[in-house]
Every structure is written in C-alpha cells, then in structure tokens.
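Data block below; observations after.
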Amino acid sequence: MIGYYVHHQGRGHCSRAAAIAAHLPTGVVALTSAELTDPAFDEVVVLDRDDADPSPSGIDAGGLLHWAPRHDAGLRNRMARLADFVATRRPAAVVVDVSVEVTLFLRLLGVPVVVMAMPGLRDDLPHQLAYRAADAIIAPWPGDLYQPDWLVEHLSKTVFTGGISRFDGRPQVAHPTFAADILVLGGTGGNAGAAHPAIGLADAFPDLKVVGLGPAFRTWVDDPWPFLCSARLTVIGAGQGSVADVAAAGRPAVVMPEDRPFAEQRATANTLARSELALVASTWPDIDRWRSIVDSVGDSEPAWSRWQTAGAAERAARAIEAVAR
C-alpha cells in the first residue's frame, strides 16, 4: 500500500494526486486536510489543520523548517495521526505533495518518501533538507524546458514527468454550447475574497463572449474540459495544474502569474514565455491590449506538446512504484 500526503491549499494538489493514483496498481491511501473524494483512492485519512492559531510562534524552528508552530494542537494531532498510520498500515512508500515537515517526519519514521518538486526559488535550507531526504523527486514539468539550479544536486533521483493534467487522454472535443471568445479560469489557491479583474470584461467587449469559471465568478464546474477545448482564448494563472490542463487541451492561452511563496508561478510563467507556449502578462492588460490579444489569436494551436502532458501521470506513477518496490 502507498500513502499519499496531499496539501490542502487550492485544488491543484488534489487533482494531481488523483491523476497519479489512478495509475498505481496497488492501493493508495490519501492523507490530507483537504476535502478529497475520488475513486482513485482506497481510503482518505483526514488530518487536523495546523493553521488555526491566529498568533502562531516559532513557526520555522530557527530556519530549519517552514511551518512547525509551537504548542499547536492541530500540528500535534496531525503528526500523531501520521505516525499511527505508519505504525499500523506500514506503507511501502509515501508521496508528499507538498510539505517539508511531513517529508522529514515520515523519513524519520523509516518510510521511503517520494517528494513532489515545485517550481520557483527552492534553494532554502528546509527545501534542500526535504530533497536530500527524499528517495525520489518528481518534477511535474518538462526537464528540457526548466531545470533550476537548486535541483541540480538532486538530478540523479529526479524524474521530469511533464505537466500532470487530470484530463490527459481525453479527446479534445469542442462544442458551441461551451464556446467562448475569452475563457477566464479562476483558481481556489489565492485570495478567495478578492475581486477578479476579469469581472466586467464582458461589458467592455459586448461583441465577444466572455465566460468566467471559478469562485471569483460564483460559477464553479467540476469538469471544465469542454470549456477549455471550446475556448478561442483561455486566461489562467501559472499554477502547475492550470498550465497542464490548458496544455492538454492544446488551446491558446494568456498566462498571468499570481504572487505565491518562492515565486512559484513566476518561474513557470517565465518558462512558458521563453518557450513561446503562451502569452505571459505580469499585470492585467488594459482594454485596448485585450482587443489586440484577441484579434491576434489565429486558428493555429500552440506547440503545447512540448509541455509533455501525454502520459505524465503514468510516468509519475512508475517513479513511485520503483521506490515502493
């Protein structure tokens, strides 16, 4: 049996975990504080949250860790649950996506650990401790397009899978019902209370069909695939899941990196811009610029095959199996 720790922030970690777990031949148990229900998992072990204290102290243990607040009941309970899981279930390996603290804790319990790498600036001591402790590292992007310096030390145990999308393998079918001139996908990983700048874009372009999906638009669909395949142009952040999903659909995109720890999304956006796979905008374009962007979108599809989404989840599963064996 394989354990799979899934971070609760946003939906990308959950979607990626489910996509990979579906390719694992052995049972997979999810360990998470997120709301996660997917048939790819045999079981979900619910962990307490460790961020309820409004005034946490000593969170980084003198710079060794990222998040280990003193005397936090949630942290204490979640780590105790993880220890009990290891003692009673004896997993062959555990995938960690993502947490330095969980990686080190599991390794101290003698469990082989597979760590999911994230883009951005990860040369700090906590990240490097986790990467050194890992038995294997999965980098969910194409290695020929992005190999950060901080990962060089660990290349011998790193597998570059390409972008992992939950839609890999689904036919790219467009339909007028889901068509939009501009499709804006808002994620759940940022500030849920912030107004999205795309609100009101439809008023500025009455001749265009603008569709917004996500909490910011109070419109959520569990399956945005037909919208992605039918859109003339898609606007996304630079999260790993969003980029992989648009790449799987093969449609033109405007990528707008959001502020994230360790400049995660800006690193991905820079890679996309350098590889000429998408138009990257650091700030929200004005109305004239939007008109120019929409008018410039032709019928040709970007070379999204370079993001290597086809078979990426299966490649990740094989890397996990190798450690579990």
Side-chain angles (χ1 to χ4, degrees), residues 1-24 27-53 56 59 66-69 72-86 89 91 93-103 105-106 111 113-118 130 138 140 163-167 185-194 213-216 220-224 236-237 239-245 258 260-262 264-265 313 316-317 320:
M1 179 269 295
I2 292 172
Y4 205 128
Y5 174 83
V6 186
H7 199 278
H8 60 264
Q9 182 71 18
R11 301 242 182 154
H13 298 288
C14 294
S15 297
R16 179 161 64 194
I20 295 172
H23 289 281
L24 288 166
V28 183
V29 176
L31 310 156
T32 186
S33 300
E35 294 183 8
L36 179 56
T37 57
D38 193 285
F41 301 106
D42 292 57
E43 181 185 346
V44 177
V45 174
V46 180
L47 304 175
D48 285 6
R49 293 283 292 257
D50 58 358
D51 54 0
D53 188 346
I59 61 173
H66 287 150
W67 187 259
D72 188 280
L75 177 65
R76 182 170 58 249
N77 292 340
R78 73 192 277 113
M79 291 305 190
R81 191 73 185 271
L82 287 172
D84 179 69
F85 168 76
V86 170
R89 305 295 291 276
V94 176
V95 184
V96 179
D97 182 9
V98 287
S99 167
V100 166
E101 294 73 29
V102 171
T103 297
F105 185 67
L106 290 171
V111 180
V113 180
V114 179
V115 170
M116 192 72 65
M118 298 287 282
I138 293 174
I164 298 173
S165 171
R166 54 181 162 156
F167 302 123
L185 294 182
T188 62
N191 183 359
L213 299 179
W220 181 265
V221 294
D222 291 327
D223 183 14
I236 58 170
Q240 292 288 286
S242 297
V243 172
D245 290 347
E258 300 174 7
R260 291 290 187 275
F262 309 102
E264 169 196 329
Q265 291 204 9
I320 296 165

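Index from 1, following the sequence. As the structure is a prediction and not an experimental result, all values here were calculated from the model.
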Distance (rounded to the nearest 0.5 Å) between Leu213 CG and Ile236 CD1:
13.0 Å

Enter the distance from Tyr5:OH to Thr32:OG1 here, rounded to the nearest 0.5 Å.
7.0 Å

Below 4.5 Å, heavy atoms only, C-beta onward: do Leu47 and Leu82 meet side chain to side chain?
yes

With His7 via ring-ring contact (aromatic ring centres under 6.0 Å, His included) - residues at least two apart
His13

Is a donor on one side and an acceptor on the other found under 3.5 Å between the side chain of Glu258 and the backbone of Gly237?
no

Note, Val113 side chain near Val96 side chain (heavy atom, < 4.5 Å)
yes

Tell me the closest heavy-atom pair linking Arg81 and Val46, and the distance in Å.
NH1-O, 3.2 Å

Qualifying side-chain hydrogen bond (donor to acceptor under 3.5 Å, both in side chains) pairs with a residue from residues 36-50, counting only residues at least two apart or across chains
His8-Arg49, Glu43-Arg89, Asp48-Asn77, Arg49-Asp51

So do Pro56 and Trp67 actually touch side chain to side chain, heavy atoms under 4.5 Å?
yes

Sorted by chain and residue number, the side-chain hydrogen bond (donor to acceptor under 3.5 Å, both in side chains) partners of Arg166 (sequence neighbours excluded) come out as none

Using the ring-ring contact (aromatic ring centres under 6.0 Å, His included) criterion, which residues pair with Phe167? Sequence neighbours excluded.
Trp225

For Ile138 and Ala316, work out which heavy atoms get closest and say how close.
CD1-O, 3.7 Å

Do you know the tightest heavy-atom contact between Ala130 and Thr103?
O-CG2, 3.8 Å

Which heavy-atom pair separates Ala117 from Pro140 by the least distance, and what is that distance?
O-CD, 3.4 Å

May I ask you to test the Gln240-Ile164 pair for a side-chain heavy-atom distance under 4.5 Å?
no

Which heavy atom in Leu36 sits nearest to a heavy atom in Ala30, and how many Å separate them?
CD2-CB, 3.7 Å

Measure the CE-CZ distance between Met118 and Phe262 for me, rounded to the nearest 0.5 Å.
10.0 Å

Rounded at 0.5 Å granularity, tell me how far SG in Cys14 sits from CD in Gln9.
10.5 Å

Can you list the residues that meet the salt bridge (charged side-chain N to carboxylate O under 4.0 Å, His left out) rule with Glu101, with sequence neighbours excluded?
none

Under the salt bridge (charged side-chain N to carboxylate O under 4.0 Å, His left out) test, residues paired with Asp223 that sit two or more places apart
Arg170

Could you check whether any side-chain heavy atom of Val94 comes within less than 4.5 Å of a side-chain heavy atom of Tyr4, counting everything from C-beta outward?
no

Is there a side-chain contact between Ile2 and Val29, using heavy atoms and a 4.5 Å cut-off?
no

Considering only heavy atoms from C-beta outward, does the side chain of Val28 approach that of Ile20 to under 4.5 Å?
no

Between Ala18 and Ala40, which heavy-atom pair has the shortest distance, and what is it?
O-CB, 3.5 Å

I'd like to know whether Asp97 forms a side chain to side chain contact (heavy atoms under 4.5 Å, CB included) with Val6, so could you lay out the CA-CA distance, the side-chain angles of the two residues, the decisive distance to 0.1 Å, and finally the verdict.
CA-CA 5 Å; Asp97 182 9; Val6 186; 5.9 Å; no

